[in-house]
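Before any comments, here is the structure.
Note that the structure is a prediction, hence the values are computed from the model and not measured. We number each residue from 1, following the sequence as shown. Side chains are part of it too, since the values below use all heavy atoms of this structure and drop only hydrogens, waters and symmetry mates.
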Amino acid sequence: TLSISHDGRLSASDIIKNIVEKGMFAHIDVAFLKCLVSLFSIPDYDTLAAVLISGRYTYPEELSCHRKALLGDMQPLTELNAYVEQCKILAAQCFGNADTADNTEANNE
């Protein structure tokens, strides 16, 4: 169980960052995400996926992973891609985007 106390100043991304920092990301479920979506008026799958991804990676960190891959170090990009796929599956489950989750799995094959 993780308790986050704040004065209403945290964004959905801030909450996800706290969860990731505490090593609790693997415990996020659809019920939690639906509550987050409702509380923060997250409109769609794409926005939720972006919120989840930003909990662990900033845009510059994502670019750095790609740059390292271009230079031959694939490990950071592999880790990024695995995390992104987890986020996309969670977001798809939350919004009922079975097609999106299927497409995600098909793109990985």
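- Two residues are said to be in side-chain contact when any heavy atoms from C-beta on lie closer than 4.5 Å; Lys17 and Val20 fail this criterion.
- Scored by the side-chain hydrogen bond (donor to acceptor under 3.5 Å, both in side chains) test, Thr78 finds no partners at all (sequence neighbours excluded).
- Applying the side-chain hydrogen bond (donor to acceptor under 3.5 Å, both in side chains) test to pairs two or more places apart or on separate chains, those with a residue in residues 32-44 are Asp44-Thr47.
- Annotation for Ile42 and Phe95: closest pair O-CZ, 3.7 Å, computed over non-hydrogen atoms.
- Residues Asp29 and Leu90 fail the side-chain proximity criterion, which asks for heavy atoms closer than 4.5 Å.
- Applying the ring-ring contact (aromatic ring centres under 6.0 Å, His included) test to Tyr57 and every residue at least two apart in sequence or in another chain returns Tyr83.
- Remark: Cys94 SG to Leu48 CG distance equals 5.5 Å, nearest 0.5 Å.
- Here the side chains of Leu36 and Ile28 are not in contact, with every heavy-atom distance at 4.5 Å or above.
- Other members of the cluster containing Leu63 are Tyr59, with ILVMFWY side chains joined at under 4.5 Å, either directly or via other members.
- Note that the CG atom of Leu33 and the CD atom of Gln93 stand 8.5 Å from one another [nearest 0.5 Å].
- Applying the side chain to side chain contact (heavy atoms under 4.5 Å, CB included) test to Val84 and every residue at least two apart in sequence or in another chain returns Ile53, Leu80, Lys88.
- For the atom pair CD (Glu79) and CE (Met74), the distance works out to 11.5 Å, reported to the nearest 0.5 Å.
- Smallest separation of non-hydrogen atoms from Cys87 and Ala49: CB-O, 4.3 Å.
- Across all their heavy atoms, Phe25 and Leu52 have their closest contact at CE1-CD2, 4.3 Å.
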Cut-off 3.5 Å, no hydrogens considered: what does the side-chain donor-acceptor table look like for residues 65-73, sequence neighbours left out?
residue	atom	partner	partner atom	Å
Asp73	OD1	Gln75	N	3.3

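- The cluster map of Ile, Leu, Val, Met, Phe, Trp and Tyr, joined by side-chain heavy atoms under 4.5 Å apart, puts Val30 and Phe32 in different clusters.
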